[in-house]
Structures are given as C-alpha cells and as structure tokens.
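Here's the structure, in structure tokens; my notes come after.
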Amino acid sequence: MIIEHLPALQVVLPLLAAPICFLIPNNRLAGLFSVLVTWVAFVISIALVMATQDGNELHYSFGGWEPPWGIEYTIDTLNSYVLLIVSGIAAVVFPYSMTSIKKEIPQSHHRLFFTSMLLCFAGLLGMTTTGDAFNLFVLLEISSLSSYTLISLGRDRRALTASFQYLIMGTIGATFILIGVGLLYALTGTLNMADLAMRISSIGESRTLQAAFTFLLVGFGLKLAMFPLHLWLPNAYAYAPSAVSAFIGATATKVAIYALLRFLFTIFGVEFSFEAMQVHWLLMPLAVMSIMFASIVAVFQDGIKKLLAYSSVAQIGYMLLGISLANATGLTATLLHLFNHALMKGGLFLILGAIAYTISSTRIDDVRGLGKAMPLTMAAFVVGALSLIGVPLTVGFISKWYLILATLEKGYWPLTVIILISSLIAVVYMWRVIEKAYFHPRPEGSPTASEAPMSLLLPAWLLISANVYFGINTDLSIGLASSAASMLMGGPN
Amino acid sequence: MGLMPDDLIVLALAIPLFTAAGVFLASSWPNLREGITLLGSVLLFFTVIALLPDVLAGERPSLQLAEILPGLNISFTIEPLGMLFATVAATLWPINSLYSFGYMRGNNEGNQTRFYLFFAIALSSVMGIAFAGNLITLFVFYELITLSTYPLVTHAGHAKARDAGRIYLGLLISTSIGLLLPAIIWVWYLTGTTDFVAGGILKDHINGPLLTLLAVMFIFGIGKAAVMPVHKWLPAAMVAPTPVSALLHAVAVVKAGVFSVVKVIAYIFGLEILKDAPGIDWLLGAACFTVVVASIVALQQDNLKRRLAYSTIGQLSYVVMGALILAPLSMVGAALHIVVHAFGKITLFFAAGAIYTASKKAEVSQLNGIAKRMPSTMAAFSIGALSMIALPPVAGFLSKWYLLLGASQEQQYMAMAVIVLSTLLTAGYFVPIIYAAYLKDEDAVQKRDHGEAPLLMVIALSFTACATVLLFFFPELPLALAQAVGVVTP
Amino acid sequence: MISLELYNYWVVIFLMMAGFYILIASDHLIKKVIGLNIFQTSVFMLYISMGKVSDGTAPIAVEGVSNYSNPLPHVLILTAIVVGIATTSLALALVIRIKEAYGTVQEDEILVMDQNADHGTSSEGPVHEQKLPKADKQ
C-alpha cells in the first residue's frame, strides 16, 4: 500500500525535487515544477490527515532499521494537522511567487529561489514528520539555512543584515537545541522521541534533564520568536521578498511551535514540564509581554510589512499563552491559532506582495488612495485585517473565542482583559493602513496604480476567503485541533 | 404570497445586499443606480410587512444559517421587538432613499455610489440585528453595522471627517470588543447558549454583584445605545451627510443599540432576576443622568444637527431607562419609544437637511424667520419637535405615557422626575427654534435667496411628519407588538 | 569535589562561553562568525566526550576487544559539523555581500547607515537596492 510510504514521501519528495529544480535550465519550467511538487505534497498531507483522523498512527522506519535504532517518521493527529497547514500554504504561495519574484529578484536567480524554497519546504515538513530528536535538528537547519538565503534575496540591502542577524540568532538557537538533544541522549541513550518519552518518565528528578529542558526551551524560543528572543523576526519579515515573507511568516514559526509542543508534551510529558518545571509560569508572563509589547510597537511602524511582523510576534504570544494555560481548551486554542494565523498572515503578506508589485513600496504613506486604485486588493486587505482583529465570521474570532474560554476556565480573567486589549490595539494598527488607503487621495506625482495581476490576486484571495470560510465552517479546523490537543494532554501516544 | 417565513428572513437579509451589488454595477448610470436603491428598499418593505401577520399571530419564525462552533449558531428568530424594529427600518428606508436622492444631488456630493452601496449594506445588517436569534448573531451584525456605516460617516473625506470617523470607530469597536464580547462569552460560559429566550436564560446561573457587573458590561458594551460616557461617537457622526444622520444615526444605528439593550434585558436577563441584582438602580441612574445631561448639553448647541444629536442621546436613554425600570409596562414604553422616536427624529433630521440644502444654513441662530421661505419644512419640523417633547396629539406622547405608568408602578420616583424634567428641557431646546422660525424677522442680509428644498426632500419629510401624527391616532400595530415583547409564549 | 577527570567538560564550557562572548561583544561581522564557530565546536566536543567509554577503544570491530566507545555521537556530530560548515559558508557569503552593499563589516557602522536611511525616507521603500551577483557565471 502506498499509504505506508506516504510519511517518507512527504519529506523526500520536495527534498529530492530541490536539486532537480536547480538542474532545470528554464526558469519558468523550474517554477512550474516546484509548484507541482507542492501540490503533490499537499495531496499527500491531505491523505495523511485522513489516514490519522481516527487516532491512528503511521510509522515509517528509514532503511528498514527498526526504531529506536533507526530514524523513524511518525504521523499522528498533531503533525498531520501541521503538515496540512505547511503544505497548504506552500501550495498557494509557490504559484504566487512565480509572478511576484519577477520584479523582486533578478532573472538569473529564479531557479535558485525555487530551489531554496523547496529546501525550506522540505525542512519544515521534515521537522514536523520526524520522530527522531537529532533528525529534527538537522531538518531544522535545512529549513533555516534556506530561509536565510531566501531572506537575503530581498531588494533592499537591509535584507542582508536582517538575514545575517537571523543567521546568528537562529544558529545559536539551533545549537542550544543540539545541546539539549545531546544531554537527553547522554541521559537516556536514545534519540527516538517515543523511546525518549518512555525513558524520561521513569527517570525522576535529574539535573541533566532539567538542563536539557532549559536548553531546548531557549532554543525553540529563539526559533519561534518568543519575547524577548524575537529581535530577528521584524527585519527578516520586512526585507525578505514578498513570497518569502508570506511563506516563512505563515509556516516557520508554526513549525517551531509544533516542535516545542512535541518536546513539552510528548517527550518531557505534562507532568515534568508543568509540574516539576512549572514552565507555564515562565511562558505566561513572556506571552503576555509579547502580546502587549509587540502590539504596541506595531502601532508605531511606518512600513506595513514590519507592522505585520510585529503583529506576528504578538500572535505568537497568543499561541504561547494557550500553551501556558495547560488545559485542553488552551491547547486547542493554540493549535487552532496555528491554522488560523497561517491563513491570515499568509493572506495579508500575499496582499502586501501584490501592493509591492504594483507600487514598489509597502510604506503606509504610499498606500494612500489605493482603495480606489486597487479595489480588489484593498478589499482583501480589509477582510484580512478584520480577521486579524478577530471580528466574528472570520478565523481570528474563532481563535480568540477559544483562547478567552480557556482563560475563563482557569479563572485567569486578567488574561482575558489582555487578549481584548490587544485586539483593540490591532484595530488601531490595522486601521491606520485602511484609513490611508481609503480616505486619502493618491499623493501627487506618485505612479498611477492599477489592480495587481490576477496571478497575484487569485492566491491572495484564496487565502483571504479561507479566512472567512473557516471562520464559519469550523468543523475541520476545530475537529483536528481539539483531537490533537486531547492527544497531547493524554500524554505520549 | 407563497413564500415561507424562512424564505422571507433570507430575503430580508439578501435584498439589501443585492441592492448593494446592483448599485455597484450600475455606478456609471446614476438614474439606474438610484432606481435600484428605490426598488430594493420597496421590496424590503414588502418582505418585512409580509412577515408581520405571522408574528402578530404569535408565530416565531426562525432559521439557522450556520453553526460556527458547537452550540454557537448564526441563527435568526423573529420576535415582536425585532419585528417592530425591522418594520420601522424597512418603512423608513424607501422614504429616506427618496430624500437621499434629493439631498445628494442637491448638494453635489461626491462618491455617491459608495454612499448608496454602504447604505444598503448597513440596512442588511440592521435586518440581521433585528432578526438575530442569539447574542452571537446580534454581535456579528452589530459589528457589521459599525463597519458599514464608517465609510458613510467619513464620506466627505476631509481631515475633520476622518477624525470623526476615528472617534466613531474607536468608541464603537472598543466598547463592543472590550465589554460586549466578553459579556457574551461570559453568558455562553455560564449557560452554554446565547439564544434569546423570553424570560431570560441566566436564572440560577449568576447572582449578586457579578450579575450587576454583567449588566454593566452589556449596557456600556452596547456603545450604540449612547449611555454616557460612551456617547461621544454620536455627535462625531454628525459630519456625515444628513440622510446618513437621519436614517442611521437617528434610526438604524442608534436604535440597533437600544434595541440590543432591551433585547438583552428582556431575553437574556429576564426582568425577574435583575430586580434582585444589587446596585442595579445605579445603572438606571446612569440612564437618567444621560437623559438630563444630554438635554442640557443640547440646549447649548448652536449647530442644528449637533443639537439633534444630543437630543437623540437623551431620547435613547429613555429606552434604556424604560428597560431598566424593569416593569412590563415600561418595557412596552421602551419598545414603543423605539418606533415613535424614529419617526419624530427622522423628520427633524430631514428638515435640518432640507434647510441646509436650500439655504446652506446649519446653525440654529441663522434660522430667524425661515418658516416663511420653507413653510412645509418648518411645519414638519414643528411636528417632530412636538413629538420629542411628547405632547398629544403626536406620537411621542404614547411612549412617555407608558414609561411613566411603568415607573409609577415600580415606584421609581427618580425616573418619573427625570421624565418630567427632561420634557421641560426638550421643550427648552426646541421651542426657541420654532419661535424664531415663525415669529422672528428674517435677518436683513441673506447669503442666498431660496425657497423650499427639492421636491423629493419635501415629500419625504412631509410623509414622516404625517406618520408621526397618524401613529398617535392608530397605535394598534406597534402597541400590539410592543406588548408582546418579552412575554413568555407557550 | 569537582573532579579533574572530567576536564574536557570544563574545556567545553570554557569554549562555549568564549565563543558566546565573542558573538555578543564583537561588532565585527567576521569575528561574530568566528565566535559562532567556536560556540558550535564546543558542542561538538560535548557530544564526542559523551561517547567516550572509559578504557574503550575506537569503535572498530577487532578481535579481543570488547570495550568500545559509543560510535553514535560521532556519527551525529559528523552531521552537525557539516551543518556547521554550511552555516559558516553562508554567513561568510553574506558578509561579503554586506561589504559590497555597505562598504563595511562593522555592525555599529551599518546600524548608523540604516538609521540614516530610515530618517531620510522610509523603512520599506527600496532606497538602497542591493546588487545581486550574476549567478550564471558560477
């Protein structure tokens, strides 16, 4: 049966496709090829979601080496859900990038761009699929290295410094993860996640275990831009090419959150993470600070991409807040927000790409009057903004509803207040853009703007309408998120 | 008609949306565009009217559109209060459309397509809020109203309009997300439902100070009810073209606010449990305070539209007050006041807009002797003013009568005193206008020589003025609906 | 008491801190890369030390020897070294491009240049376009 091989195929396919893509002599063919790969990957992830829907797990051992000796790929409800998010976003962003890079990246680099995108994609899928702690590190580095390259392709020279800064911070994070994994290995003699989970639960109190936990927490904290380790993120998102901002912004931090969840819940176990280490008392204040701090900073940005980047930091705060509540509803909220935030940020960054394509700028002052000049684009932006704010009938509302419910269940009503305040701040920063676009005339002497090409608008609208669709029909997202959450709360397996 | 009530609900929501789409498509042909608006508004009127007999007969047509979370539906149920509100809005939309044609063309306003487009969307949201079957549906359409009226408020596009738009959006969104939404989530958390049920759903779920807190969150969270201190958006919204002020900020939007308040008190809390809430009188006090203070502020406004706006704030709090007196009779008064005030206030705004269109005058102090030039307009204005003051034979008398009855039944002497006091104050700010218009001599220097406003506008304002008088003599229909509000049906 | 038998762990910690310090304290981008390398190397040594079994020989199957060091950490660290090299080369490539675009590799100077650009016009307008080298010549 092919289904047995799907877990491996999910990762191996884009990984092998990357060098092939580099060898294709024609830019356009290379683009089409990579698009095809992402679509196949998307189909595979749908098949995986369906296969794991009723709590089944799929296992695949590489090279026939049985776990815990060989590398094992495991698919359960949680990671099939994350795979769906990553490959779904890729399947939309890749076709989009074929047009968007025309104006942002020189012709000669298009093939390299697609190659790096595929590598990054493969790395992210791999991190999600793998059941081996060290393999996770390797795939993390594959995705990170390719994303450094992708970010440095931005037009402005600040893309280079942003990329370098990200490289330094990212490598420190990855090395911390490496140390953590090493300590775990020293302690247990295994790298297989399921095996690790079993052995750790029988260890009891151990200084090494605590050190490993801390290193991993900080390492993933860096990768997912947890406050105050988020400094690399705003510049990286702001100066990267639009398609890259959309892809990385919608997926990379999500996968890092997934990995953190995997370690906290599956490997270390709820008992150790939340009772012995009291990790929620660390995560909660940090989450609150990232929500408040990043939201406020977002208000004062004059570039829309940076504004959205800071808003991403705040949204990551929501996800961490959900984790720190340590109940099933909170976890569901986090997982839901993985999905929902990917939709809204992905959509919004794609729209910004369309704006950048047309007027070569994404400064707030430069979008003046675009409401009339680019009605379809700006209408999509408004819908995306509403979703980010959390207006009902959009996905943003669903996430917030669950998050607020989780805080109420715990009785932490001040957190409820904070979530609401940050939603209001989101109104402020998103409305600055909308007001400029609709109620200011085009500045004199600015180039005439007309609607962006369909090849950009269509993907953007696809994600934006998904914001509304999944805000009304929540069976899929909530069903998957809540079953994954209950799996995590139930401990390993 | 062979249509089922369910279909009619969908139609009531969809007709304005189709109108909006039609307006958008016909943007290059103004006459066609206006024709579509008029057609849509008339169709909506008949749709809503077609629902009336069922509701009067005690039916509660309902419809579920989507289930966004388990137990959390977008659904619609028509009960008397919503029917009343929808009827008022649907009746006034065609008239207001006629008036708009005259106003927008008479003043050469720009962006007319956007204006009619969002007007239609706002009307669809009003239908949604009127027919909402639960709190979450109400919230969705509540926000939609805010968002769809924002472009109308900032219509002029200049810096002043944008600032006003910011206040408008800022206050309405922040109160709704900051207070109303958590209140809704709280209700859901307590009861597992947000459905509107006659007699309330909160019994046995909450009591004591928390109950009062929840009530406070609802009353102030529904910023559109403009209970002080969340009233600032309403004067700010007056920068909008007058047809917007007339239908939306005297009828649709503000009534959506007080409608929601009444609905929440009657169908979520229920009168019984609120009576035991500690300190609930303070909330009534806030409404009374708003009535008095808004009237005093209105006295000092020279700008006619701002004076009307503050008058609206005061009148809205009558409705809140009526609901918070917690007597069935005052509830009838509150529901009736929604109707009565709508007809009266829209007449006043129509008149203010007519004066502005004909003479470009916007200040009260400029109106000396204007009745000679604009007799029909000022006659209508006087009728509207009488209705505000609540003198018979004008409709305003009816609702105040019920409010007073309810208050005396519950021995709420403060409320009674406030009603009497504010009646005097209302007379205080309207009578001088009428006096000046009819009895003072015109200023010698006139900027422009003018007569009556465009015919369409005069027709519209005469119609609403007549309706205000007729409502006094034939109040059966609204009264029947108002008396059924919150009554538990078997 | 702290045993000197585990001295290699002390070396690891010393290298780690030294590398980390250079990484944070230096403004010179190349020095940062060097610091990063030292930092990573310390972790490699940590892994290799872990694999050492006392009195064990190299993990090669030879008759008469039953005590081997653990080969797995060695294998792992080979992979990590490869990753490290990739990171270093990418970092150096970026430094070259930064030098081309800014004319300096001092982080403080770059920061000042970027801030000046911000004050001038914008943060996201394409003020200073970077020139990408031709890829086809490779």
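Residue numbers start from 1 in every chain, and the chains themselves are labelled A, B, ... in the order their sequence lines are given, proteins ahead of strands.
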Option that, when pairs with chain A are counted at under 4.5 Å, heavy atom only, ranks first among B/Ile74, B/Ile173, B/Leu144: B/Ile173
Do A/His337 and A/Ser399 have a side chain donor and acceptor closer than 3.5 Å? yes
Have B/Thr113 and B/Arg33 got a donor and an acceptor in their side chains that come within less than 3.5 Å? yes
Examine distances only and state if a side-chain atom of A/Arg442 and a backbone atom of A/Arg368 form a donor-acceptor pair shorter than 3.5 Å. yes
Run B/Thr175 and B/Lys224 through side-chain hydrogen bond (donor to acceptor under 3.5 Å, both in side chains) and show every step you take. CA-CA 9 Å; B/Thr175 49; B/Lys224 291 195 172 88; over 6 Å; no
So which of A/Leu335, A/Asn340, A/Leu480, A/Leu338 actually passes side-chain contact (heavy atoms from CB on, under 4.5 Å) with A/Ile85? A/Leu338
Measure A/Lys400 against the heavy atoms of chain B and call it side chain, backbone, both or neither at under 4.5 Å. neither
Any side-chain donor-acceptor pair under 3.5 Å between A/Thr329 and A/Lys410? no
With only heavy atoms counted, which part of A/Phe397 is less than 4.5 Å from chain B, the side chain, the backbone, both or neither? side chain
Check B/Phe85, B/Tyr267, B/Tyr142, B/Phe141 against B/Phe259 for a ring pair (Phe, Tyr, Trp, His ring centres under 6.0 Å) and give me the one that passes. B/Phe85
With a strict 4.5 Å heavy-atom criterion, list every residue of residues 414-426 of chain A that contacts chain B, or say none. A/Leu420, A/Ser423, A/Leu424
With a 4.5 angstrom heavy-atom cut-off, which part of A/Ile478 approaches chain B: side chain, backbone, both or neither? side chain
Does atom CE (A/Met454) have a neighbourhood of more than 12 heavy atoms from anything else shown, all under 6.0 Å? no
When you measure from the side chain of B/Gln112 to the backbone N and O of B/Met104, does any donor-acceptor pair fall under 3.5 Å? yes
Toward chain A, the part of B/Leu169 with a non-hydrogen atom under 4.5 Å: side chain
Charged N to carboxylate O below 4.0 Å: is that the case for B/Arg166 and B/Asp163? yes
Which bit of B/Leu179 is near chain A, if near means a heavy-atom gap under 4.5 Å: side chain, backbone, both or neither? neither
Check whether A/Trp431 gets within reach of chain B through its side chain, its backbone, both or neither, counting any heavy atom under 4.5 Å. side chain
What part of B/Leu65 is in contact with chain A, defined as an atom under 4.5 angstrom from a non-hydrogen atom: side chain, backbone, both or neither? neither
